[in-house]
Amino acid sequence: MANSGLQILGFALALLGLIGLIIGTILPQWKMSAYVGDNIITAVAMYEGLWMSCAFQSTGQIQCKVYDSILQLNSALQATRALMIVAIIVTVAGLGVACMGMKCTTCGADDKTKKSKIAMTGGIILLIGSLCSIVACSWYAHDIIQAFYNPFTPVNTKYEFGSAIFIAWAGAFLVIIGGAMLAASCPRGKSVSASKYPRAPSSTGKEYV
């Protein structure tokens, strides 16, 4: 039977990962302006996220603008948006299923084997959610790298990785670890103990017909 401590640890890690995914999705620092080339302007730092773009001035002022139209966004940004939302929804669903199957909870069936199967199902759902978030972050990062090394990209419009993408990556890996721990709750078949069925006493006497 699965260890309840392992289930609690996996649930806690997955919950922390979910918080990281939500924070990373909301923050606008998915990519930040790269200071490359001869003309370096550090008075204003430009950040772009999934929902808005912001300008951080050296005086401490912050100006943010929400994207006006979804159709004007590139395919990488639209796909990252969709995958991150799907990842958060799937992760929440996985945590709900795993909570019903954990040994420390009273909800669900009283059969411990059945509860372990439910916890294992929740772990698999969490793994699917983390996979969606990793694909989203990697896709967005690939788009940043391509634009950065593209010789036709103007120097003042080149970007590099921001802090939000690292937070989302970290949250995804936490969900992977937590989901793997919960998926390890798969009940193993028990071998029939020899003591359960006692052997018939051997006959030492002679048999009579």
Side-chain angles (χ1 to χ4, degrees), residues 1-32 47-54 64 75-108 112 114-146 148 159-188:
M1 194 62 66
N3 188 0
S4 60
L6 185 66
Q7 290 182 341
I8 295 174
L9 180 60
F11 185 87
L13 291 176
L15 182 60
L16 289 176
L18 174 62
I19 296 174
L21 291 179
I22 295 175
I23 294 175
T25 304
I26 295 175
L27 288 178
Q29 292 92 350
W30 275 71
K31 61 181 180 180
M32 56 182 295
Y47 291 91
E48 289 189 8
L50 302 181
W51 314 101
M52 65 183 70
S53 61
C54 296
C64 295
S75 59
L77 181 55
Q78 292 183 17
T80 304
R81 268 185 174 186
L83 285 173
M84 289 302 295
I85 293 175
V86 170
I88 292 174
I89 295 174
V90 173
T91 303
V92 171
L95 287 174
V97 174
C99 182
M100 291 189 297
M102 293 174 62
K103 295 173 65 176
C104 59
T105 59
T106 57
C107 51
K112 295 187 180 300
K114 189 173 182 180
K115 285 178 67 71
S116 297
K117 290 182 180 180
I118 295 174
M120 180 194 66
T121 304
I124 295 174
I125 296 174
L126 289 173
L127 292 177
I128 295 173
S130 62
L131 180 62
C132 293
S133 57
I134 288 177
V135 171
C137 296
S138 301
W139 194 341
Y140 196 88
H142 178 71
D143 186 71
I144 295 175
I145 294 173
Q146 275 193 330
F148 184 87
Y159 290 87
E160 59 186 14
F161 297 156
S163 58
I165 193 170
F166 292 107
I167 295 175
W169 257 326
F173 283 112
L174 286 176
V175 175
I176 282 182
I177 297 174
M181 289 181 177
L182 290 167
S185 303
C186 179
R188 299 178 180 177

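Keep in mind that the numbers below use all heavy atoms, side chains included, and drop hydrogens, waters and symmetry copies.
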- [ ] To the nearest 0.5 angstrom, please state how far the CZ atom of F173 sits from the SG atom of C137.
- [x] 9.0 Å
Open item on the list: List the residues meeting side chain to side chain donor-acceptor pair (under 3.5 Å) with Q146, not counting sequence neighbours, and say none if there are none.
Closed with: H142
Sequence neighbours left out, cut at 3.5 Å: what donor-acceptor pairs do the side chains of residues 78-96 make with other protein atoms?
residue : atom : partner : partner atom : Å
Q78     : NE2  : I70     : O            : 2.8
Q78     : NE2  : L73     : O            : 3.0
T80     : OG1  : A76     : O            : 2.6
R81     : NE   : L50     : O            : 2.5
R81     : NH2  : L50     : O            : 3.0
T91     : OG1  : A87     : O            : 2.6

Open item on the list: Quick check for you: to the nearest 0.5 Å, what is the distance between F161 atom CZ and F148 atom CZ?
Closed with: 10.0 Å
Task: Any donor-acceptor N/O pair, W30 side chain to G24 backbone, under 3.5 Å - done: yes
- [ ] Identify, with sequence neighbours excluded, every residue that meets side-chain contact (heavy atoms from CB on, under 4.5 Å) alongside L174.
- [x] L13, L16
Task: Counterpart residues, ring pair (Phe, Tyr, Trp, His ring centres under 6.0 Å), relative to F11 (two or more places apart) - done: none
TODO: Quick one: pull up OG1 in T121 and NZ in K117 and give me the separation to the nearest 0.5 Å.
DONE: 9.5 Å
Task: Heavy-atom closest pair, residues A172 and I134 - done: CB-CG1, 3.6 Å
- [ ] Could you tell me whether the side chain of S133 and the main chain of S130 form a donor-acceptor pair under 3.5 Å?
- [x] yes
Open item on the list: Among residues at least two apart in sequence or on other chains, which ones pass side chain to side chain donor-acceptor pair (under 3.5 Å) with Y47?
Closed with: none
Task: Distance-minimising heavy-atom pair for A119 and Q7 - done: CB-NE2, 3.8 Å
Open item on the list: Using 0.5 Å steps for rounding, measure from the CD1 atom of I26 to the CE atom of M52.
Closed with: 9.5 Å
Task: Between CG on residue L77 and NZ on residue K31, distance to nearest 0.5 Å - done: 7.5 Å
Open item on the list: To check you understand the geometry: which heavy-atom pair defines the closest contact between A98 and L182, and what is its length?
Closed with: CB-CD1, 3.6 Å
- [ ] Provide the closest heavy-atom pair for L21 versus A168 in the form atom of the first, atom of the second, distance.
- [x] CD2-O, 3.5 Å
Task: C54 SG to M32 CE distance, which is reported to the nearest 0.5 Å - done: 13.0 Å
Task: Set of disulfide (SG to SG under 2.5 Å) partners for C132, sequence neighbours left out - done: none
